Amino acid sequence: MAKRTKHVKPAERQIRTAEVLASKRISPNFVRVTLGGAGLAEFTPMGFDQWFRLFLPGPNGLRLPSAANNLWYAQYLMMNKEQRPVVRNYTVRDFRPAGRGEFGDTAELDIDFAMHGEHTPACGWAAQTTPGTAVGLLDEGIMYQAPQHSPWSLLVADESALPAVAGVLRSAPRDLRGAAFIEIAHPDDAHGLGEPEGVRVHWLARTDPDCEIGQPALDAVRAAEIPATNVYAFVAGEQKLAAGLRRHLVTERGIAKGEVTFTGYWRVGKAQG
C-alpha cells in the first residue's frame, strides 16, 4: 500500500486577490464572509477540507508576498510590521463558480469564522469587514484522504474545524458510512451538512460553561461503537482534542497510525482567530 502524503497540494499555487462581497452572522458563534472578484477566476475547488492562507489588511492596507512557494513566509517576515498583513488558515466552506453566485457574476468563496471574541485579529475583521475590502488567498490543498480499503470514516472536530468536516461530508461518496462528532459552543450553531445517508452526525453542544473545550468530543468518541477494522479517522480542532483522540484511536482502538489524519488548529490559552 502506497504511503499517503500529509497534504494533497493544488496543481498550481498562486497568491490570488479577492474582495469581500458580503458578511453575515449565520448562528450565535459563526460569521460567514463571502469573497468574490476577478482574482478567483482561476481558483480550483478541490472539495473536502480544502484550506488556504488568508491574508488580511494590515494597519496600512493590504500588502502581499510575491512568492507562492515556501519563500512567501520569508518575504512576509521581512515586511515592516506596519505593512505586514494578518495571516490565518481557513477552510473553503463553499465555492460557487462564475455565473452561479449569489452576489454577482464572479466566482464566490464562503468562509465560516468561528467567533472566539472580536478581540482577535481575524474574528474582529470578520465581524467588521465591509464589501469591497481586499484580501489575499494562497491555496494549500486538502488533508482528508480516506483510502479505498476504508469504507468507514470517523470525523471529529470542534467548532474551529466544523467547516472542514462540512466540506468532507459534502464531497464524500454518497455510499460512505461512518460517524461525525462535532463539538459546538451553542446548540443553534448546528446546521444541515448534506452528509451521506450512511454517516450519522452527532452535535455536541457545550451547555456547561465550565466544560473544557474538547472534552465532550473526547468522551463521546471513547463511548462510541466504532468498527474494529477498515476505519479511517480525520480529527481536527484544539490541540489537546486532536492529540488525545489520536492516542485513543491508536492505542485503545488499534487503528493504525497511518489511518488517522489529525491536526491541531489552535491551542487553549493561545490567541486564535
Side-chain angles (χ1 to χ4, degrees), residues 2-22 32-58 61-79 83-113 122 125-126 129 132-148 160-161 163-173 232 234 236 261-265:
K3 184 178 180 179
R4 297 190 302 276
T5 59
K6 186 175 182 180
H7 299 113
V8 177
K9 292 290 187 180
E12 178 186 1
R13 294 180 75 213
Q14 178 181 336
I15 297 181
R16 309 177 189 279
T17 57
E19 64 179 54
V20 173
L21 299 180
R32 176 169 295 167
V33 175
T34 299
L35 304 180
L40 289 181
E42 301 302 322
F43 183 88
T44 302
M46 299 174 67
F48 295 95
D49 63 315
Q50 184 176 11
W51 67 285
F52 55 89
R53 315 277 184 184
L54 177 64
F55 297 83
L56 303 176
L62 181 67
R63 181 182 176 187
L64 298 172
S66 59
N69 55 23
N70 291 337
L71 289 176
W72 76 264
Y73 189 62
Q75 293 180 343
Y76 165 82
L77 292 176
M78 292 175 64
M79 292 180 186
Q83 298 176 319
R84 188 181 296 170
V86 173
V87 185
R88 296 291 187 271
N89 300 337
Y90 281 96
T91 303
V92 177
R93 181 60 181 84
D94 197 11
F95 182 85
R96 296 176 290 278
R100 299 183 185 177
E102 300 177 4
F103 300 97
D105 297 328
T106 70
E108 296 177 359
L109 188 153
D110 290 338
I111 310 170
D112 284 0
F113 290 75
W125 177 86
T129 191
T133 301
V135 300
L137 295 90
L138 175 59
D139 187 10
E140 294 286 3
I142 63 177
M143 294 184 65
Y144 176 91
Q145 299 175 66
Q148 291 184 348
S160 68
V165 171
V168 168
L169 292 176
R170 185 176 60 247
S171 303
Y232 170 73
F234 176 87
T261 296
F262 76 111
T263 181
Y265 282 4

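Because the structure is predicted, anything quoted here is derived from the model rather than measured.
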Student: Can you find a pair of side-chain heavy atoms, one from Val8 and one from Gln145, that are under 4.5 Å apart?
Tutor: yes
Student: With sequence neighbours left out, which residue pairs that include part of residues 40-49 fulfil the side-chain hydrogen bond (donor to acceptor under 3.5 Å, both in side chains) condition?
Tutor: none
Student: Which residues pass the side chain to side chain donor-acceptor pair (under 3.5 Å) test with Arg13, sequence neighbours left out?
Tutor: Glu140
Student: If you compare all heavy atoms of Ala134 against all heavy atoms of Pro57, which two are closest, and at what distance to 0.1 Å?
Tutor: O-CG, 3.4 Å
Student: How long is the straight-line distance from OG1 of Thr106 back to CZ of Arg96, given to the nearest 0.5 Å?
Tutor: 10.0 Å
Student: Can you sort out the partners of Asp139 under side chain to side chain donor-acceptor pair (under 3.5 Å), two or more places apart, ordered by chain and number?
Tutor: Gln50
Student: Just jot down the side-chain contact (heavy atoms from CB on, under 4.5 Å) partners of Asn89, sequence neighbours excluded, or say none.
Tutor: Trp51, Arg53
Student: Check whether any side-chain N or O of Tyr90 sits under 3.5 Å from a backbone N or O of Phe113 as a donor-acceptor pair, and report yes or no.
Tutor: no
Student: Around atom CG of Asn69, are there more than 12 heavy atoms from other residues, nucleotides or ligands closer than 6.0 Å?
Tutor: yes
Student: Hey, what do you get for NZ (Lys9) to CD1 (Ile142), rounding to the nearest 0.5 Å?
Tutor: 11.5 Å
Student: OG1/Thr17 to CG/Leu64 distance, rounded to the nearest 0.5 angstrom?
Tutor: 7.5 Å
Student: CZ/Phe48 to OH/Tyr144 distance, rounded to the nearest 0.5 angstrom?
Tutor: 6.5 Å
Student: Would you please name every residue forming a side-chain contact (heavy atoms from CB on, under 4.5 Å) with Ala38, sequence neighbours left out?
Tutor: none
Student: Are any of the side-chain heavy atoms of Met46 and Ser171 separated by less than 4.5 Å?
Tutor: no
Student: Would you call Val92 and Phe52 a side-chain contact if the rule is heavy atoms closer than 4.5 Å?
Tutor: yes
Student: Search all heavy atoms of Pro85 against all heavy atoms of Leu62 and return the closest pair with its distance.
Tutor: CB-CD1, 4.4 Å
Student: Using the test side chain to side chain donor-acceptor pair (under 3.5 Å), find all partners of Thr34 that sit at least two apart in sequence or belong to another chain.
Tutor: Asp110
Student: Excluding sequence neighbours, so at least two apart, what forms salt bridge (Lys or Arg N to Asp or Glu O under 4.0 Å) with Arg84?
Tutor: none
Student: Got a sec, which residues hit side-chain contact (heavy atoms from CB on, under 4.5 Å) with Ala18, two or more places apart in sequence or on another chain?
Tutor: Leu35, Leu40, Val135, Leu137
Student: Measuring from atom CZ of Phe95 to atom CZ of Arg100, what distance do you get when rounded to the nearest 0.5 angstrom?
Tutor: 10.5 Å
Student: If the condition is side-chain contact (heavy atoms from CB on, under 4.5 Å), which residues does Glu19 pass it with, not counting sequence neighbours?
Tutor: Leu21
Student: Taking Gln75 for the side chain and Ala67 for the main chain, is one N or O donor matched with an acceptor at less than 3.5 Å?
Tutor: yes
Student: Under the rule for salt bridge (Lys or Arg N to Asp or Glu O under 4.0 Å), what residues qualify as partners of Asp112, not counting sequence neighbours?
Tutor: Arg32, Arg93
Student: Which residues satisfy the ring pair (Phe, Tyr, Trp, His ring centres under 6.0 Å) test with Tyr73, sequence neighbours excluded?
Tutor: Tyr76
Student: Could I get the full list of ring pair (Phe, Tyr, Trp, His ring centres under 6.0 Å) partners for Phe55, not counting sequence neighbours?
Tutor: Trp72
